[in-house]
Number of protein chains: 2
Amino acid sequence: MPETVRSAAARTTGTRYGNRPTMKDVAARAGVGLKTVSRVVNGEPGVSPDTERRVQESITALGFRRNDSARILRKGRTASIGLVLEDLADPFYAPLSRAVEEVARAHGALLINGSSAEDPGREQELVLALCARRVDGLVIVPASDDHRYLEPEIAAGVATVFVDRPPGRIEADQVLVDSFAGARDGVAHLIAHGHRRIGFIGDLPRIHTAHERIRGYEAAMAGARLPVHESWLAPGATDPARVRADAERMLDGPEPVTAVFAGNNRVTVTLVRVLAERRRPVALVGFDDFELADMLSPPVTVVAQDPAQLGRTAADLLFRRLEGAHDPPRLTTHPTRLIARGSGELPPHS
Amino acid sequence: MPETVRSAAARTTGTRYGNRPTMKDVAARAGVGLKTVSRVVNGEPGVSPDTERRVQESITALGFRRNDSARILRKGRTASIGLVLEDLADPFYAPLSRAVEEVARAHGALLINGSSAEDPGREQELVLALCARRVDGLVIVPASDDHRYLEPEIAAGVATVFVDRPPGRIEADQVLVDSFAGARDGVAHLIAHGHRRIGFIGDLPRIHTAHERIRGYEAAMAGARLPVHESWLAPGATDPARVRADAERMLDGPEPVTAVFAGNNRVTVTLVRVLAERRRPVALVGFDDFELADMLSPPVTVVAQDPAQLGRTAADLLFRRLEGAHDPPRLTTHPTRLIARGSGELPPHS
DNA sequence: GACAGTCTGGACAACGTTGTCAAAACAGGT
DNA sequence: ACCTGTTTTGACAACGTTGTCCAGACTGTC
């Protein structure tokens with residue numbers, strides 16, 4: 001029996017797949033040819049009902065499960081796509097990821113994903129690992145600003161869509177949010193409510209969205225002919241300690257701000273805590289909506305975007321490419337929506 | 001998926017994967033043997049510096065990337081693990097997922113994940129798809145209560161760890177939270193603050209954690225010799241509309257409750273909204289901590305668990321199994337922690 | 001210069017599946 | 001019985017990699 005030979009070999013050499021029955025084993029037991037088993041497993045036509053029954057019986061008896069590694073190797077397509085983003089657990093990216101998963105599922109594909117932790121090296125490592133797995137396509141929220149390393153992959157036919165941030169130094173599909181307009185409108189909203197000294201706390205400008213939001217802030221200030229004191233602009237790390245320090249510096253400095261614009265949901269959440277401790281009310285508008293924003297006191301005014309929508313758009317585009325859409329790379333921009341809830345309408349405390 | 005998916009480039013040249021160079025191509029260009037390329041790619045010893053350089057040059061010139069499908073087929077190990085849970089975007093599961101990813105990464109493995117949407121059929125479909133891919137191991141938050149379909153897979157050597165809920169009808173490793181004690185203590189906390197009529201809103205008891213939490217609620221009530229009116233117990237769907245209706249029924253019924261215990265974070269969030277609309281304050285304790293719970297008014301008292309810790313424990317155990325730990329299936333139970341913040345310490349209103 | 005011992009390098013056979021193609025089995029019509 | 005056309009079936013060669021194993025090409029030693 002080949003069965004015993006294989007198990008012995010497996011045990012000594014260090015088990016490949018435990019030792020699983022293959023189509024050959026199924027075929028032997030059913031007394032048919034290998035290809036016939038393949039036909040049954042894949043529901044291909046041209047198998048008599050009687051043979052099919054014998055094969056099925058053999059399959060369940062042996063607990064056979066097709067080895068997709070071999071199938072993938074042979075067929076050249078994996079029916080899986082990769083998703084690389086900053087942090088799977090971030091409340092902004094989690095729905096995006098889920099949306100991509102849903103679309104993939106609708107196309108019969110599995111999703112492999114990884115978090116880059118905003119580290120360009122890790123992004124590249126992940127992306128290339130996915131390419132080595134021969135994923136059919138990639139959805140990337142880039143951490144790097146140079147994606148030339150992807151050129152051979154794209155040339156080889158890996159469909160690639162960038163979301164939330166544009167690719168660096170290559171042409172590719174991108175699905176973005178109008179961060180510039182969103183930030184500009186959010187800051188203009190504060191100005192419209194009487195604020196003249198407004199702070200901005202957000203990510204480093206090397207991140208595209210952060211850069212755009214800073215530009216939006218500056219455009220709104222400039223549009224109202226308001227000066228920007230250097231201490232009001234705090235682009236940097238967005239860990240709570242740093243955000244807190246930045247906020248306190250601009251609130252207690254020589255030119256104290258009466259309002260703050262937060263560059264992303266992490267910053268907003270930290271600022272909610274910091275501002276709640278202050279005696280005087282400070283106005284706040286945050287980029288990104290977040291759960292329970294409306295239940296805080298005051299409820300938080302936000303520039304909202306729809307991460308699930310972003311993910312859906314990107315994944316839809318990806319699968320259109322996989323189905324052979326050949327038009328040049330496309331840029332899709334989603335608008336933001338200002339949701340006034342209270343914190344952004346507080347008057348300046350003078 | 002049909003043939004059309006393959007890119008036009010692939011179709012015209014007749015090769016798969018776009019048309020990518022293989023080790024053979026690299027070898028030909030470098031004027032060496034196939035196996036020598038393999039050695040260079042895998043950093044195996046026994047290649048002279050000069051040959052290595054020639055091969056490297058050839059690799060970058062052709063944009064070669066090893067095809068892991070073939071490698072996997074040959075080696076029998078995929079260096080990837082599967083994670084199946086209810087909803088990747090749920091704030092409870094997102095950190096769990098991220099923690100599993102981190103552990104996988106530390107072991108050089110990729111993570112493939114899918115959401116079961118609490119549908120047993122979908123869970124099985126996903127899990128078996130992962131098995132067909134020959135993932136080395138599985139972390140499962142089960143939706144189904146019968147996992148006998150996994151028996152052949154486990155027998156074949158797929159390491160499997162269940163998290164948050166136990167497996168059904170099979171023996172396997174499990175990492176759980178002490179839901180019973182958590183709920184019992186949470187309800188006891190309300191009783192200690194003077195409440196006698198307390199409602200429970202949570203998931204259907206077919207979900208193990210929900211069942212345990214209901215038991216905990218009943219144990220606390222029984223322990224204080226308090227009767228439970230039938231309208232106070234609302235296990236069912238936990239969509240906002242349903243939760244709202246249940247809450248209003250128990251708040252406005254003949255035996256109105258003065259406090260509510262929420263069975264999970266989704267319910268808690270909905271209840272925060274419902275209770276905020278009431279004239280009289282209603283006490284609230286929720287299972288699961290959530291962001292900004294401390295910033296609401298009143299701040300929300302919760303029975304906290306640590307989803308990231310759960311994920312880490314499960315993934316660590318999985319990799320210990322993959323490294324050959326052969327002891328019998330193990331049950332790990334994590335404790336919960338009551339965090340009193342205000343909403344659970346409100347006195348009864350009459 | 002012959003000899004053992006080490007380093008390199010390459011031919012070849014797997015791994016488990018699917019595509020191709022031709023043989024075998026069967027049906028229906030004479 | 002024969003031929004013709006259709007359906008079922010199985011042998012065999014890929015797919016791109018890695019493990020095994022052997023052949024040359026070098027060392028250093030006598």
Side-chain angles (χ1 to χ4, degrees), chain A residues 2 5-6 9-10 12-28 30-55 59 62 64-79 131-134 156, chain B residues 1 3 6 10 14-28 30-55 58-59 62 64-79 131-134 156:
Chain A
V5 172
R6 286 213 301 130
T12 51
T13 63
T15 52
R16 53 197 310 119
Y17 309 130
N19 48 23
R20 280 166 170 280
T22 70
M23 285 190 178
K24 203 163 140 193
D25 301 326
V26 174
V32 302
L34 178 52
K35 180 67 214 207
T36 300
V37 176
S38 172
R39 274 193 268 264
V40 171
V41 168
N42 295 292
E44 284 170 28
V47 178
S48 73
D50 183 53
T51 314
E52 166 150 20
R53 196 165 340 100
R54 279 216 317 291
V55 172
I59 285 176
L62 294 176
F64 168 80
R65 183 106 42 221
R66 179 177 66 199
N67 185 332
D68 274 355
S69 298
R71 166 174 238 252
I72 287 167
L73 176 60
R74 186 62 235 251
K75 303 202 75 149
R77 303 199 350 96
T78 59
C131 289
R133 294 289 169 113
R134 296 295 189 268
Chain B
M1 233 166 293
E3 188 53 31
R6 263 164 74 178
T15 35
R16 8 160 127 333
Y17 303 127
N19 46 27
R20 281 168 168 280
T22 69
M23 285 191 177
K24 204 164 140 193
D25 302 325
V26 175
V32 302
L34 179 53
K35 180 68 215 205
T36 301
V37 177
S38 171
R39 275 193 270 264
V40 171
V41 168
N42 295 293
E44 285 169 27
V47 179
S48 72
D50 183 54
T51 313
E52 165 149 22
R53 201 175 29 71
R54 279 216 317 291
V55 171
S58 178
I59 285 176
L62 295 175
F64 167 80
R65 184 103 44 222
R66 179 178 65 200
N67 185 332
D68 274 356
S69 299
R71 168 173 237 252
I72 286 167
L73 175 61
R74 186 60 234 253
K75 303 201 76 149
R77 291 237 151 206
T78 60
C131 289
R133 293 287 170 113
R134 298 292 189 268

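In what follows, chains are A, B, ... by sequence order, proteins preceding strands, each numbered from 1.
In this structure, B:Arg65 CZ and A:Arg134 CZ are separated by 8.0 Å, a value rounded to the nearest 0.5 Å. Taking CZ from B:Arg20 and CG from B:Asp25, the interatomic distance works out to 12.0 Å, rounded to the nearest 0.5 Å. The OG1 atom of A:Thr78 sits 12.5 Å away from the NZ atom of A:Lys75 when rounded to the nearest 0.5 Å. The distance from the CG atom of A:Asn67 to the CG atom of A:Leu73 is 10.0 Å, given to the nearest 0.5 Å.
With sequence neighbours excluded, no residue forms a side chain to side chain contact (heavy atoms under 4.5 Å, CB included) with B:Ala28.
Within the nucleic acid shown, A:Asn42 comes within 4.0 Å of sugar-phosphate atoms alone, with no base atom in reach, counting heavy atoms only.
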Reading nucleotides 23-28 of chain C 5' to 3', which nucleotides get B (base under 4.0 Å from a protein heavy atom), which S (sugar-phosphate only), which -?
------

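Not one N or O on the side chain of B:Ser69 forms a donor-acceptor pair closer than 3.5 Å with the backbone of A:Ile72.
Atom-to-atom, CZ of B:Arg77 to C1' of D:dG19 comes out at 17 Å; the value is rounded to the nearest Å. Following rounding to the nearest Å, A:Glu44 (CD) and C:dT18 (P) show an atom-to-atom distance of 8 Å. Distance CZ (B:Arg20) to C1' (D:dG16): 12 Å, rounded to an integer number of Å.
Side-chain atoms of A:Val32 and A:Arg54, non-hydrogen and from C-beta on, do get closer than 4.5 Å to each other.
Evaluation of atom-type donor-acceptor distances gives a pair under 3.5 Å for the side chain of A:Arg74 against the base of C:dT18.
Comparing the start and finish of the helix from C:dG1-D:dC30 to C:dT30-D:dA1, five pairs each, the helix axis swings through 50°, to the nearest 10 degrees.
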Produce the list of close N/O pairs, under 3.5 Å, pairing protein atoms with atoms of nucleotides 6-10 of chain C; give distances to one decimal.
| from | atom 1 | to | atom 2 | distance (Å) |
| --- | --- | --- | --- | --- |
| C:dG9 | OP1 | B:Ser48 | OG | 3.3 |
| C:dG9 | OP1 | B:Thr51 | OG1 | 2.2 |
| C:dG9 | OP2 | B:Ser48 | N | 3.2 |
| C:dG9 | OP2 | B:Thr51 | OG1 | 3.4 |
| C:dG9 | N7 | B:Arg39 | NH2 | 3.0 |
| C:dG10 | OP1 | B:Gly33 | N | 3.2 |
| C:dG10 | OP2 | B:Gly33 | N | 2.3 |
| C:dG10 | OP2 | B:Thr36 | OG1 | 2.9 |
| C:dG10 | N7 | B:Arg39 | NH2 | 2.8 |
| C:dG10 | O6 | B:Arg39 | NH1 | 3.4 |
| C:dG10 | O6 | B:Arg39 | NH2 | 3.3 |

Run the side-chain donor-acceptor check on residues 33-49 of chain A: report pairs under 3.5 Å with partners two or more places apart or on a different chain.
| from | atom 1 | to | atom 2 | distance (Å) |
| --- | --- | --- | --- | --- |
| A:Asn42 | OD1 | A:Arg66 | NH1 | 2.5 |
| A:Asn42 | OD1 | A:Arg71 | NH2 | 3.1 |
| A:Asn42 | ND2 | A:Ser38 | O | 2.8 |
| A:Ser48 | OG | A:Thr51 | N | 3.3 |
| A:Ser48 | OG | A:Thr51 | OG1 | 2.6 |

